[in-house]
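Heads up: the structure comes next, in structure tokens.
Numbers here simply count residues along the sequence, with the first being 1.
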Amino acid sequence: MKILVSNDDGYLAPGIVALAEALAALPDTQVQVIAPEYNNSAKSNALTLHAPLYVFESHNGFRYINGTPADCVHVALTGLLDERPDLVVSGINNGANMGDDTIYSGTVGAAMEGYLMGVPAIAFSLVEKDWAHLDAAAITAARLVALLRTRGQIGARPWLLNVNIPNLPLASLQTARWCRLGRRHAAKNVIRQQNPQGRTMYWIGPSGKAADAREGTDFHTVAQGHVAVTPLQIDLTDHNGLPDWRQAMPLAELDLNHLGESA
């Protein structure tokens, strides 16, 4: 089994080191790490199109790129790797990626790039920051990959899983559960400060609290000490709303020859 590992915290982050070591310990498994040079949190699926990308090699054999998480996986799959991997794994992230976080997450973005390129992919995150019980999270991640392999899911078809692991000792972690994404409240206000030259600068505020943490969501699942596993999809179409739009707004009435005129 060939696994490509990436992340958004950078190639020196404790999470990717622990994850790569745990996966490499699986029988008959080859792990290659290609990750961003620096922290790229909240870069989502961004690709670098207007600057060159360079590949470097670290002292520990990890390769890193001066780009985004999606850049790393894209470059790996479209020219850097000699063989196509069987699985793309991203993480372990320093903090949760639940609910609306998945839209912004570079961790999920790296995994999603693998999925878009036709490779099964998993994004792993620790719920709380500061790497508490990272060893347990890495073991959990490796065991999930091993189970997916045993059940014949790796190599069968492309899929995308988002996994959030509570910061608990291995003996205290509850069983993994399938769940859906919850929702967050809107983000808090930007933080306004003055720089040394007197100009106003803005920092993006922290994420809002959970707005939908009902039973069955990832928020509720990890709050109970369980590992939350959520299958993701890419289709953003509002399938339920599409018939309503067709009825309320028949686009055949759109007169392209008289733009700007009222009906």
Side-chain angles (χ1 to χ4, degrees), residues 5 7-9 13-19 22-23 39-44 69 89-112 115 120-148 151 153 159-189 191 204-234 236:
V5 177
N7 73 345
D8 73 353
D9 291 319
I16 197 169
V17 174
L19 179 61
L23 293 174
N39 188 302
N40 272 259
S41 295
K43 289 295 178 69
S44 188
V89 179
S90 180
I92 296 171
N93 190 62
N94 187 21
N97 279 305
M98 299 187 292
D100 305 337
D101 302 341
T102 55
I103 298 172
Y104 304 97
S105 167
T107 304
V108 175
M112 190 177 294
Y115 170 78
I122 314 173
F124 287 106
S125 301
L126 265 173
V127 172
E128 301 292 339
K129 294 183 181 293
D130 299 326
W131 308 115
H133 304 294
L134 176 59
D135 56 338
I139 292 171
T140 300
R143 288 179 178 176
L144 177 58
V145 169
L147 177 61
L148 287 163
R151 301 293 294 183
Q153 294 302 309
W159 40 256
L160 177 60
L161 298 181
N162 185 49
V163 181
N164 284 274
I165 305 171
N167 298 62
L168 293 171
L170 193 61
S172 299
L173 280 172
Q174 303 299 307
T175 55
R177 288 183 174 177
W178 294 104
C179 56
R180 66 176 178 86
L181 297 179
R183 292 294 306 273
R184 285 196 188 275
H185 284 295
K188 297 181 181 179
N189 291 341
I191 301 167
I204 298 295
S207 300
K209 295 182 179 180
D212 179 6
R214 291 173 291 178
E215 186 172 356
T217 65
D218 45 8
F219 288 104
H220 183 271
T221 299
V222 299
Q224 305 304 311
H226 294 273
V227 177
V229 184
T230 304
L232 302 181
Q233 64 179 8
I234 308 303
L236 299 179

Approximate separation, where rounding is to 0.5 Å, of [X] [atom1] and [Y] [atom2]:
X      : Y      : atom1 : atom2 : answer
Ile92  : Ile165 : CD1   : CD1   : 5.5 Å
Ser90  : Met112 : OG    : CE    : 11.0 Å
Ser207 : His185 : OG    : NE2   : 12.5 Å
Asn94  : Trp131 : CG    : CH2   : 4.0 Å
Ser41  : Asp101 : OG    : CG    : 11.0 Å
Glu215 : Arg180 : CD    : CZ    : 10.5 Å

Looking at side-chain heavy atoms only, is the closest gap between [X] and [Y] below 4.5 Å?
X      : Y      : answer
Pro69  : Asn7   : no
Tyr115 : Leu232 : no
Val108 : Asn93  : no
Thr230 : Thr102 : no

List the atom of [X], the atom of [Y], and the distance in Å for their closest heavy-atom pair.
X      : Y      : result
Ala22  : Ala138 : CB-O, 3.5 Å
Gly95  : Ser125 : O-CB, 3.3 Å
Glu128 : Asn167 : N-OD1, 2.7 Å
Leu126 : Ala137 : CD2-CB, 3.7 Å

For the pair Thr107 (side chain) and Gly91 (backbone), establish whether a donor and an acceptor sit closer than 3.5 Å, ignoring hydrogens and angles.
->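 Side chain of Thr107 to backbone of Gly91, a donor-acceptor pair under 3.5 Å: no, none is there.
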With distance as the sole test, does Asp218 use its side chain to make a donor-acceptor pair with the main-chain N or O of Ala228 at under 3.5 Å?
-> no
Salt bridge present between Lys43 and Asp8 (N-O < 4.0 angstrom) =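 Here Lys43 does not pair with Asp8 in a salt bridge, since their nearest N and O are not under 4.0 Å apart.
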[X]: partners by side-chain contact (heavy atoms from CB on, under 4.5 Å), with sequence neighbours left out:
X      : result
Gln224 : His220, His226
Trp159 : Leu87, Pro120, Ile122, Leu148, Gln153, Ile154, Arg157, Leu161
Leu170 : Ala136, Ile139, Thr140, Arg143, Leu173

Give the C-alpha distance, both sets of side-chain angles, the deciding distance and a yes or no for side-chain contact (heavy atoms from CB on, under 4.5 Å) between Thr221 and Asn164.
-> CA-CA 9 Å; Thr221 299; Asn164 284 274; over 6 Å; no
Verdict with supporting geometry, Asp9 and Ile16, side-chain contact (heavy atoms from CB on, under 4.5 Å) | CA-CA 8 Å; Asp9 291 319; Ile16 197 169; over 6 Å; no
Can you list the steps and then say if Asp100 with Arg183 is a side-chain contact (heavy atoms from CB on, under 4.5 Å)?
-> CA-CA 6 Å; Asp100 305 337; Arg183 292 294 306 273; 2.8 Å; yes
Working for side-chain contact (heavy atoms from CB on, under 4.5 Å), residues Thr217 and Cys179 = CA-CA 5 Å; Thr217 65; Cys179 56; 6.0 Å; no
Evaluate whether atom CD of Gln174 has more than 12 neighbouring non-hydrogen atoms of other residues, nucleotides or ligands under 6.0 angstrom away.
-> yes
